[in-house]
2 protein chains.
Amino acid sequence: MGASQLIHEELDRQLQRDSSMPHTYYVILVKLSEAKDRTLRMSDLATELNSSQSRLSHAVSRLEERGWVRRVPCAADRRVSWAELTDDGFAALTAAAPGHVEAVRRVLFDRIDPEQVKRLAEICAAVLADRVPHPR
Amino acid sequence: MGASQLIHEELDRQLQRDSSMPHTYYVILVKLSEAKDRTLRMSDLATELNSSQSRLSHAVSRLEERGWVRRVPCAADRRVSWAELTDDGFAALTAAAPGHVEAVRRVLFDRIDPEQVKRLAEICAAVLADRVPHPR
DNA sequence: CCCACATGCTTGAGAGTTCAAGTAAGGTGG
DNA sequence: CCACCTTACTTGAACTCTCAAGCATGTGGG
């Protein structure tokens with residue numbers, strides 16, 4: 001718990017300090033940037049992020065205020081909302097990425113050897129295996 | 001990140017649901033229960049928990065409201081505050097512990113073998129090694 | 001002795017998260 | 001075809017955490 005807490009806090013602090021965004025928001029931008037048309041359904045985005053819909057909805061609201069994400073209503077199914085990464089959002093992500101990547105190395109990968117990386121991957125896979133998504 | 005987030009959320013959810021306390025509070029109770037006279041200086045407690053003093057102060061305030069912890073002013077150094085676990089607090093911890101322990105097994109230890117436990121411990125130790133406590 | 005700095009802790013405001021509830025729209029069995 | 005369930009998402013309130021600032025209270029050099 002100490003190790004995972006440390007990693008989480010360190011990454012969050014770095015992003016907050018250098019790019020004024022929590023790690024949660026960074027990951028949202030990443031997922032959107034990788035998606036086709038930089039657009040994803042809200043619920044798919046939530047699933048990919050292991051996030052509750054509520055959390056995502058709140059987060060996207062903040063990201064919209066910053067002009068980094070835009071909500072686009074879906075014509076085919078009007079319950080659905082698309083989240084689209086704006087150019088400003090992509091720029092913010094581009095600016096934040098190098099520092100974040102460096103932090104990831106610093107807190108984790110520079111501290112363990114390649115063999116340990118492999119072992120850690122196996123352990124994490126075991127923890128995540130056969131997971132029924134939790135009721136949210 | 002997915003694995004550590006899952007573990008965190010699962011443990012937090014279980015404690016919140018079954019014992020109405022966040023994991024943070026549980027750990028505070030644990031540390032106090034293990035301390036001599038079930039009492040610890042606020043700053044020592046914060047250090048042991050890798051918590052900011054601010055976070056601890058807020059948390060202890062809530063725990064005091066519940067009657068689980070008591071603040072005792074220190075006569076020798078009047079800046080210092082002792083945090084003392086009350087009998088009610090100890091009872092709450094006793095009630096919460098079995099469910100929590102079970103959850104810990106369920107989310108982690110039942111999913112990896114003894115060899116992996118050892119490897120994970122080494123990796124976590126490497127992540128935590130030579131850590132200068134962060135400015136808080 | 002005393003001023004400046006360090007230490008221990010608290011406070012308040014701003015943010016993010018959670019949970020429960022709410023709205024709206026899409027399916028579906030009788 | 002219409003009550004009823006499900007799906008998609010949002011909302012609001014309560015709660016925790018963070019950060020910066022704010023007290024007191026010790027302590028050490030001149």
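Residue numbering restarts at 1 for every chain, and letters A, B, ... go by the order of the sequence lines. Below, all heavy atoms of this structure are taken into account, side chains as well, without hydrogens, waters or symmetry copies.
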Interface residues of residues 70-79 of chain A with DNA chain D (non-hydrogen, below 4.0 angstrom): Arg71(A), Arg79(A)
Test salt bridge (charged side-chain N to carboxylate O under 4.0 Å, His left out) applied to Arg41(B) - qualifying residues, sequence neighbours left out: none
Nucleotide dT16(D), atom C1' - distance to CZ of Arg55(A) in whole Å: 14 Å
Residue closer to the 5' end of DNA chain C, Gln16(B) versus Arg62(A) (nearest nucleotide): Arg62(A)
Enumerate donor-acceptor pairs with a distance under 3.5 Å from any side-chain N or O in residues 113-126 of chain A to protein atoms, sequence neighbours excluded.
residue, atom, partner, partner atom, Å
Asp113(A), OD1, Glu115(A), N, 3.1
Asp113(A), OD1, Gln116(A), N, 2.8
Gln116(A), OE1, Asp113(A), N, 3.0

Test side-chain contact (heavy atoms from CB on, under 4.5 Å) applied to Ser20(A) - qualifying residues, sequence neighbours left out: none
Atom pair distance, as rounded to whole Å: CG in Leu49(A) and P in dT18(C): 12 Å
Atom-to-atom span, OH of Tyr26(A) to C1' of dA15(C) - whole angstrom: 21 Å
Contact list for residues 60-73 of chain B, test side-chain hydrogen bond (donor to acceptor under 3.5 Å, both in side chains), sequence neighbours left out: Ser61(B)-Arg71(B), Glu64(B)-Arg71(B), Arg70(B)-Glu84(B)
Within residues 28-44 of chain A, residues whose heavy atoms come under 4.0 Å of DNA chain D: Arg41(A), Met42(A), Ser43(A)
Side-chain H-bond candidate by donor/acceptor type, Gln14(A) with Glu10(A), under 3.5 Å: no
Whichever of Thr24(A) and His58(B) has its nearest DNA chain C nucleotide further upstream toward 5': His58(B)
Side chain Ser57(A), main chain Gln53(A), donor-acceptor under 3.5 Å: no
Spacing of Glu10(B) atom CD relative to dT18(C) atom C1', expressed in whole Å: 15 Å
Between P of dA14(D) and CD of Glu65(B), the distance in whole Å: 14 Å
ring-ring contact (aromatic ring centres under 6.0 Å, His included) partners of residues 24-48 of chain B, not counting sequence neighbours, each pair once: Tyr26(B)-His100(B)
Atom-pair distance (CG on Leu63(A); P on dA15(C)), nearest Å: 14 Å
Under 4.0 angstrom between Tyr25(A) side-chain N/O and dG16(C) OP1 or OP2: yes
Pairs flagged by salt bridge (charged side-chain N to carboxylate O under 4.0 Å, His left out) wherever residues 15-31 of chain A is involved - sequence neighbours left out: Lys31(A)-Glu48(A)
Distance in angstrom units between Gln53(B) CD and dA21(D) P, rounded: 17 Å
Nearest-nucleotide pick for Ser54(B), side chain only, options being dG16(C), dT11(D), dG12(C): dG12(C)
Partner residues of Phe90(A) under the side-chain contact (heavy atoms from CB on, under 4.5 Å) criterion, sequence neighbours left out: Ser33(A), Arg38(A), Leu85(A), Thr94(A)
Rounded interatomic separation in angstrom, taking CG from Leu15(B) and P from dT16(D): 13 Å
